[in-house]
Amino acid sequence: MQAYVAVDIGASSGRLMLSGIEDGKLTLKEVHRFSNGFVEEEGHHRWNIDHLVNEIFTGLEKVKKMHINQVRLGIDTWAVDYVLVGFDGQKLCDPVSYRDNRTRTAIKDLTSDLPKEYIYEKTGIQFQDFNTLYQLYTEDRDKLSQTDKIMMIPDYLGYVLTGNAVTEVTNASTTQMLNLREGLFDNDLLKKVNVFADQFPRLVESGTYLGNISHKWHTKYDLPETEVITVATHDTASAVVGTPGKGDDWAFLSSGTWSLLGAELNTPENGLDAFKENYTNEWGAYGTYRFLKNIMGLWIAQCVKKEYDNKYSFSELAELAAKEEPFQQFIDVNDKRFENPVNMIAELQSYCKETDQKVPETPGQLMMAIYSNLSLFYANELQKLGKILGHPINVLNIVGGGSNVKLMNQLTSDLANVKVIAGPSEATAIGNILVQMITTKQVDNIHEGRQLIAESFDLKTFEPEAGNYASELTDYQNFLHRVLAQAK
Ligand SMILES: Nc1ncnc2c1ncn2[C@@H]1O[C@H](COP(=O)(O)OP(=O)(O)OP(=O)(O)O)[C@@H](O)[C@H]1O
Ligand SMILES: C[C@H](O)[C@H](O)[C@@H](O)C(=O)CO
Ligand SMILES: [Mg+2]
């Protein structure tokens with residue numbers, strides 16, 4: 001059996017998953033899991049990129065110990081962040097995390113003489129102040145002058161393993177620097193941040209062979225022979241590949257640190273409505289576009305769990321939440337105050353006090369506040385998505401760790417009045433594997449691959465329960481209008 005390894009590194013955790021096809025079904029085994037997170041270093045929040053490299057090798061040594069001597073491997077990670085590589089081929093410093101506050105005023109500064117409408121028409125990408133465009137705009141000029149190559153995180157990891165550097169398009173699109181029409185880095189935007197086109201390695205599509213792991217690593221680690229394939233290296237792009245959607249009325253919700261809710265399109269949707277609602281057209285695998293909205297997601301839950309000193313597992317927190325009533329308070333989960341507060345519990349409680357609402361006190365109340373307001377936000381965005389695309393969304397495929405939260409799956413189904421199909425929770429790794437299998441012709445195409453996923457993994461269906469919460473969504477929408485109007 002040909003063995004495939006997915007290296008899937010999210011903002012909160014990373015994993016190496018081993019896969020193959022046995023008796024006509026996809027197999028998936030978690031070989032190695034490790035923590036990820038940013039730390040304060042040299043004045044900024046930074047990722048420990050060497051820790052991630054070491055964890056990849058640790059995971060591959062575990063594969064070798066399973067007497068698997070030859071594998072294909074793909075790497076996907078979170079978006080927008082990059083490593084500056086010097087002329088000696090070595091990183092200049094650890095990469096800054098997108099949650100660092102160095103870009104807080106960058107959109108306002110950069111668009112003072114370059115209108116947002118102009119940038120959106122060119123790129124179709126959402127305005128998030130952590131996009132690569134704004135990170136480079138605020139980057140240390142001295143460091144940039146010493147930079148030979150700017151490598152996105154997964155491309156850098158592939159470069160360390162093989163010595164070969166590329167820029168894969170799904171993740172490159174999240175920079176907000178790719179020109180939709182030209183399919184290249186946009187010259188105006190490069191100039192705006194004083195970066196030269198050749199400072200990015202050549203652009204490649206998902207499914208490109210990158211090369212074998214360099215011999216030098218085999219002298220240091222006991223590794224299988226490993227051929228690296230550049231997959232859909234933005235983790236959300238891999239998650240969408242691994243989402244078993246069918247027909248043309250389905251949407252995806254990649255529910256992890258972020259909640260990415262959207263639809264897979266064959267042409268970008270960068271019109272005025274999409275611009276006004278800050279939807280994005282991240283490039284997908286095989287010439288598609290991921291028309292989606294970034295929602296704060298379970299980052300909020302991750303912070304709360306940490307602030308309880310990880311006393312509870314996520315499933316225990318979900319059980320505690322299920323004992324509480326939903327919708328005890330309304331929260332705009334996308335309020336920037338929740339992006340990286342000093343203390344998330346205090347931030348949630350202050351928000352409720354400031355808006356004269358019931359304050360969640362216990363772990364169960366806090367988690368129910370998070371789950372029910374995420375569900376409300378999803379339902380609201382699904383209505384907007386349908387309006388912008390001009391057709392209703394009838395099925396929502398929820399994938400990622402959040403698909404384990406039955407309570408949220410049911411609330412979302414009820415509020416949005418859509419069928420929810422939950423799983424696979426490891427859709428990102430599965431999508432990573434699927435691109436490798438298509439590249440090596442073990443699977444013909446993405447449609448055949450999605451069918452294989454649907455037949456290989458236990459998906460759970462949630463139907464809207466009639467009469468549930470008919471007014472809550474309307475009340476929430478009115479609440480959002482009110483707080484957003486007050487914020488202006
Ligand atoms: N059994 C569970 N019960 C409840 N929640 C869960 C469970 N398993 C995972 N989660 C939720 O899923 C989240 C992690 O999802 P996932 O593993 O997709 O994220 P990730 O891949 O680590 O990060 P990223 O979203 O950056 O890719 C956790 O923060 C938690 O809230
Ligand atoms: C910062 C990005 O929006 C974020 O990485 C998101 O796209 C993602 O990849 C979540 O896993
Ligand atoms: Mg993930």
Side-chain angles (χ1 to χ4, degrees), residues 10-12 78-80 98-99 125-131 174 234-237 239-240 243 250-264 269 274-282 290-304 326-327 329-341 344 347-348 351 367-389 393 396-405 407-409 411-413 415-416 418 420 422 425 427-428 472-473 476-477 479-481 483-484 487:
S12 66
W78 68 98
V80 304
Y98 64 82
R99 291 202 195 267
I125 293 295
Q126 63 183 328
F127 287 85
Q128 296 285 0
D129 59 16
F130 49 62
N131 289 348
T174 71
H234 179 199
D235 58 1
T236 307
V240 173
T243 300
W250 66 280
F252 58 79
L253 169 61
S254 176
S255 176
T257 302
W258 286 87
S259 296
L260 294 315
L261 185 143
E264 185 176 67
E269 173 49 72
F275 168 70
K276 283 182 180 164
E277 291 297 346
N278 204 27
Y279 268 74
T280 199
N281 293 271
E282 291 173 348
R290 295 173 285 128
F291 184 67
L292 64 84
K293 179 77 169 267
N294 264 55
I295 301 167
M296 201 65 78
L298 291 164
W299 155 256
I300 304 176
Q302 290 164 14
C303 294
V304 168
F327 316 124
Q329 54 286 111
F330 288 149
I331 299 172
D332 174 5
V333 291
N334 259 16
D335 190 311
K336 278 194 87 64
R337 67 196 286 176
F338 302 122
E339 214 163 84
N340 194 15
M344 185 65 81
E347 204 64 44
L348 288 164
Y351 184 95
M367 292 305 293
M368 177 51 102
I370 294 165
Y371 289 152
S372 49
N373 279 285
L374 282 174
S375 303
L376 282 162
F377 205 94
Y378 299 155
N380 186 35
E381 289 302 326
L382 273 172
Q383 279 188 0
K384 288 184 195 173
L385 182 64
K387 274 198 198 103
I388 295 170
L389 297 181
I393 301 291
L396 178 65
N397 286 73
I398 301 180
V399 297
S403 67
N404 293 299
V405 188
L407 157 75
M408 217 167 23
N409 297 336
L411 282 180
T412 304
S413 173
L415 288 162
V418 295
V420 162
S425 63
T428 305
E472 271 72 6
L473 179 55
Y476 184 68
Q477 289 163 333
F479 170 82
L480 282 184
H481 283 308
V483 294
L484 292 172

Under 6.0 Å between ring centres, would you say that holds for Tyr98 and Trp299?
no
Ignoring hydrogens, what is the shortest heavy-atom contact between [X] and [Y]? Give both atom names and the distance.
| X | Y | answer |
| --- | --- | --- |
| Gly402 | Met408 | O-CE, 4.2 Å |
| Ile388 | Ala274 | CD1-CA, 4.2 Å |
| Ala251 | Ile393 | CB-CG2, 3.6 Å |
| Ile331 | Ala369 | CD1-CB, 4.3 Å |
| Phe330 | Glu472 | CZ-O, 3.9 Å |
| Arg337 | Pro341 | O-CB, 3.5 Å |

Between [Y] and [X], is there a side-chain heavy-atom distance shorter than 4.5 Å?
| X | Y | value |
| --- | --- | --- |
| Leu261 | Ile295 | yes |
| Leu348 | Val304 | yes |
| Trp250 | Leu396 | no |
| Ser403 | Ser255 | no |
| Trp78 | Thr236 | no |
| Lys293 | Leu260 | no |
| Leu253 | Ser259 | yes |
| Leu292 | Glu264 | no |

Are the side chain of [X] and the backbone N or O of [Y] linked by a donor-acceptor pair below 3.5 Å?
| X | Y | answer |
| --- | --- | --- |
| Asn380 | Leu376 | no |
| Asn404 | Gly401 | yes |
| Asp332 | Leu480 | no |
| Asn373 | Val333 | no |
| Arg290 | Gly262 | no |
| Ser375 | Tyr371 | yes |

Determine whether Lys384 and Glu381 satisfy the following criterion, side-chain contact (heavy atoms from CB on, under 4.5 Å), listing intermediate values before the conclusion.
CA-CA 5 Å; Lys384 288 184 195 173; Glu381 289 302 326; 3.0 Å; yes
Nearest-0.5 Å distance, [atom1] of residue [X] to [atom2] of residue [Y]:
| X | Y | atom1 | atom2 | answer |
| --- | --- | --- | --- | --- |
| Leu385 | Glu269 | CG | CD | 10.0 Å |
| Glu339 | Gln128 | CD | CD | 6.5 Å |
| Phe130 | Asn340 | CZ | CG | 11.5 Å |
| Leu415 | Leu473 | CG | CG | 6.0 Å |
| Met296 | Leu374 | CE | CG | 10.0 Å |
| Ser372 | Met367 | OG | CE | 10.5 Å |

Walk me through it: do His234 and Val240 pass the test side-chain contact (heavy atoms from CB on, under 4.5 Å)?
CA-CA 10 Å; His234 179 199; Val240 173; over 6 Å; no
With sequence neighbours left out, the residues meeting side chain to side chain donor-acceptor pair (under 3.5 Å) with Tyr476 are none
Evaluate whether atom NZ of Lys336 has more than 12 neighbouring non-hydrogen atoms of other residues, nucleotides or ligands under 6.0 angstrom away.
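More than 12 within 6.0 Å, yes.
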Looking at Asn294, Asn281, Thr174, which hits side chain to side chain donor-acceptor pair (under 3.5 Å) with Gln126?
Asn294
Can you tell me how the ring of Tyr279 sits relative to the ring of Phe291, calling it parallel under 30°, perpendicular over 60° and tilted otherwise?
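Plane angle under 30°, so parallel.
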Quick one, Thr257 with Gln302, criterion side-chain hydrogen bond (donor to acceptor under 3.5 Å, both in side chains). Give me CA distance, side-chain angles, the key distance, then yes/no.
CA-CA 8 Å; Thr257 302; Gln302 290 164 14; 3.1 Å; yes
Carefully, step by step, assess Trp258 and Phe338 under the rule ring-ring contact (aromatic ring centres under 6.0 Å, His included).
CA-CA 12 Å; Trp258 286 87; Phe338 302 122; over 10 Å; no
